[in-house]
Amino acid sequence: MLCLPPPASPILPPSCLPPNSANFGGTREAGDDVGYNIPAIMEYLQDLNPQQQQAVTAGLGPILVLAGPGSGKTRVLTQRIAYLIGSLGVRPYQILAVTFTNKAAREMEHRVMDLLGGETQGLSLGTFHANCARILRREAEAMPFNANFVIYDTDDQLSLVKNAIKDLNLDEKYFRPAGVHAAISNAKNELLLPDDYPITNYRDETVATVYRRYQESLLANNALDFDDLLLWTAFLLEESPAAREKYARRYEHVLVDEFQDTNMAQYILLKHLASFHHNIFVVGDVDQSIYRWRGADYRNVLRFERDFPDTQTILLEQNYRSTQSILDVAMAVIDRNPQRARKQLFTERGMGEKVRLIETEDDQEEAALVVEKIASQVLKKTAQPGDFAVMYRTNAQSRLLEEAFLKSGIPHKLVGAQRFYGRREVKDVVAYLRLVHNPQDEISLTRVINTPARGIGNKTVITLRTLAQQTKQSPGMLLLALGQDPDSIPGSQSLGRGFQSLCKFGTLLAGWKAQINALSPMGLMDRILTDTDYHEYLDDGSEEGQERWENVIELRRLAADFAEKGLTAFLEQVALVSDQDTLDASGNAATLLTLHAAKGLEFPVVFIVGLAQGTLPHSRSLEDPEEMQEERRLLYVGITRAKDRLILVYSRRRNLFGYYEPVEPSEFLDDIPDELLTRTGASMVIPRQRSVGLFSAQRWQPSSADEALPMVQRFQPGQRVEHGIWGEGMVLNSRLQDDDEVVDIFFESVGLKRVAASLAKLTII
DNA sequence: ATGGACAATGTTTTT
DNA sequence: CATTGTCCAT
């Protein structure tokens, strides 16, 4: 499958010396080398506990750091890099550090920079996916795609699978694209090619067929999916000794964060990369493995010890983040998982406040309660909005919360890339850029060929596709040719009326393509937006159209940073942003995020909501013990994000499918000993009568700490506000009245108006 | 070719 | 319920 040409001779920098050469005599102690920055490093080491120090200054060879939550794992990792460079004189160029999110990578880079000043030039620090993309672009000669490949996101992947299923005349009911795609993705993560796909029945056979076709389409589009980035790189290193040696020699030290979340492809990749120097330093915690569904296998930790028998294992157990009360709850939850080495988490921070468990009547009340608790703290000035995080199992749960936050006026932010990059208008513009960058990308072509409408209907597209097939080229290339010289295309008459429109679009595309090197990504984007009248297309006079255009402008702003790095880098960044990456610490706002997105973060006060059977643990996990263990780990991750206070919330009923349904509290709650919790009913907080009688007797205890909370006044005199219809105005007065806020506003357009904050669509400017 | 109306269908987590 | 897809009328 992989066809590699004869290996090019590896280019090795002069400093790429094998182990045990003059550069490294073996294990050495901190500071016994002539480095540049020893005093600074040594000083810093004093702030580390003995285990952390041991990890940072460990000698050569494989190192496994088992790090509990809040144990200073990132610190050890960054400090280790600084130590290698600053004290051992390793050149940054020879260090590879891999993380799972761009955010983690950025943070690490920052910290290393802080430690070393400018000595980090050339350091390879990035996500698995980004590092692989870089290698693959560099080695594209040896690969069945070329260097300007695009990276398909989940939607693109799904369309490709759908097309394959359609082409093969399969029943979409039985072969659901999402399911088939998941199967393909799993296979890829296990490094199984279509030919290796294990077949035991008709379904497997069909999946393998779809897989084969899917893979062919990707190549035809000069595209790679997320899994391909890992898969192709792993295969490159596996099949080409020259390539393997090149990278394995170069990376004298390989460091890996969140090692428990690696999948087979990543594991093999790491093994190859470390195959020359064997200096592989991995940090992880099996209890925080929460990406099984993505192929992650925490058993890679065990595999590591087996594959590298001389591994030095270091345990970090002291927690510097949470109070003991929080850690006790965390341990109570996680200890129920079988087959796990019991870890004793401890802290010197003291017990702190007890963890609270609150029951509410329904999910709406749950959201209201969380927001009101936050509001009361903020009003009392005992905490700021930025101190709080609200965590939930599924993204859908964010909605009620967001509504509640909006109503209260407490600043909040929602973590999630989908919110921006998933928008239609953003995807459109990105598709234009991708198409110019790589005209073979048919998914992007299909997306934009008639957006905005330019008289190229379905029929015309199909004819174009057939014609392309006949002339053995991609539709995009044909379109380009058509734009440059319409007469040169045989059979173009068959296009009929659409011909003119196609030529016109082809000319546009060719024009953009000609400018690709002359213009910055932003410049190119501007040209495209002008040439397609994209603004006019979006601007239908509605508020939504306005919003969409603003999103385009936001994308433009993001592109502005890529004048130097270029279009490829921009598109890659767009493809590889994660939800976590969209989180910025700036702005004093409460954070709403999924438990998955919460990994690696910490907050003074954490709410975990929706602790109900079917939600957490999720209903789709209930039957599978392995998945149940993962749900438990997920809760564990959430709990251990909290520094000072943790509030667990569940409701007795929730709105599901539009129906009001009773739900059981999460079974995980049963595992927390009663004495570790303060249990509270919600009736004292929520001024709603009907709630009271419904609380179960043994759980509901009034607590004096829960006084009724005031509604929060959102508007202040003097504020400028925007109204959906009346435009801008100034708040003259505002008061709370009957569960609502009454605001007097003077509008430029209509003069003085009195509005109810809950009804009028008001935004503060 | 385009847009609107209706029906079905499906709801984890994300690089 | 909310999104997505399909069909139908213009």
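A, B, ... follow the sequence lines: proteins, then strands. Residue 1 opens every chain. Note that the structure is a prediction, hence the values are computed from the model and not measured.
Atom OH of Tyr537(A) is separated from atom C1' of dG3(B) by 12 Å (rounded to the nearest Å). Atom-to-atom, NE2 of His181(A) to C1' of dT14(B) comes out at 11 Å; the value is rounded to the nearest Å. Atom CG of Leu634(A) and atom C1' of dT12(B) are 9 Å apart (whole Å). Spacing between atom CG of Leu158(A) and atom P of dT3(C) amounts to 18 Å, rounded to whole angstrom units. Remark: P of dC1(C) and CG of Asp362(A) are 14 Å apart, rounded to the nearest angstrom. A straight line from CZ of Arg424(A) to P of dT3(C) spans 12 Å, rounded to a whole angstrom. We find that CD of Glu402(A) is positioned 16 Å from C1' of dA2(C), with the value rounded to whole Å. Straight-line distance from the CD atom of Glu403(A) to the P atom of dC1(C): 13 Å, rounded to whole Å.
Between Asn395(A) and dT13(B), a side-chain N or O to OP1/OP2 separation shorter than 4.0 Å is present. Proximity of Arg620(A) to the phosphate of dT12(B): a side-chain N or O atom is located under 4.0 Å from OP1 or OP2. Considering only side-chain N and O atoms, Thr101(A) lies nowhere under 4.0 angstrom from the phosphate OP1 or OP2 of dT14(B).
Taking every heavy atom of residues 280-288 of chain A and every atom of DNA chain B, no pair lies under 4.0 Å.
When each of Ala575(A) and Ala178(A) is assigned the nucleotide of DNA chain B with its nearest heavy atom, Ala178(A) is the one assigned upstream, toward the 5' end. Closest-nucleotide positions on DNA chain B for Ala453(A) and Thr594(A) were compared, and the one nearer the 5' end corresponds to Ala453(A).
At the heavy-atom level, Phe226(A) lies under 4.0 Å from base atoms of the strands shown. Counting any heavy atom pair closer than 4.0 Å across all strands shown, Arg292(A) reaches no nucleic acid atom. As judged by a 4.0 angstrom heavy-atom cut-off over every strand, Arg633(A) is placed among residues making no nucleic acid contact. Backbone-only contact: Asn450(A) has heavy atoms under 4.0 Å from sugar-phosphate atoms and none from a base.
Between Asp285(A) and Lys73(A) no salt bridge is recorded (no basic side-chain N to carboxylate O distance below 4.0 Å). Comment: Asp428(A) does not engage Arg548(A) in a salt bridge, judged by the lack of any side-chain N to carboxylate O separation of less than 4.0 angstrom.
The listed nucleotides are dG5(C), dT14(B), dT12(B); the one nearest the side chain of Lys162(A) is dG5(C). Listed nucleotides: dT12(B), dT13(B), dA2(C). Nearest to the side chain of Arg399(A): dA2(C).
Separation of atoms CZ (Arg137(A)) and CZ (Phe149(A)) is listed at 4.0 Å; rounding is to 0.5 Å. With rounding to the nearest 0.5 Å, the separation of CZ in Arg447(A) from CD1 in Ile449(A) is 14.0 Å.
Per the stacking criterion (ring centres < 5.5 Å, plane angle < 30°), Trp293(A) does not stack onto the base of dT12(B). Centre separation under 5.5 Å together with a plane angle under 30° holds for the ring of His618(A) and the six-membered base ring of dT12(B), marking them as stacked.
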Step-by-step side chain to side chain donor-acceptor pair (under 3.5 Å) determination, Gln629(A) to Glu627(A): CA-CA 5 Å; Gln629(A) 287 172 34; Glu627(A) 288 197 16; over 6 Å; no
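Using C1' as the reference atom, dT12(B) and dG5(C) are 23 Å apart when rounded to the nearest Å.
Within the 3.5 Å criterion, the main-chain N or O of Gly610(A) finds no donor-acceptor partner in the side chain of Arg654(A).
A donor-acceptor contact under 3.5 Å is formed by the side chain of Arg393(A) with the base of dT13(B).
Side chain to side chain, Asp441(A) and Tyr152(A) meet the donor-acceptor criterion of an N or O pair below 3.5 Å.
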Return all side-chain donor-acceptor pairs below 3.5 angstrom for residues 177-187 of chain A, not counting sequence neighbours, or 'none' if the list is empty.
from: His181(A); atom 1: NE2; to: Gln157(A); atom 2: OE1; distance (Å): 2.7
from: Ser185(A); atom 1: OG; to: Asp227(A); atom 2: OD2; distance (Å): 2.7
from: Asn186(A); atom 1: ND2; to: Ala182(A); atom 2: O; distance (Å): 3.4

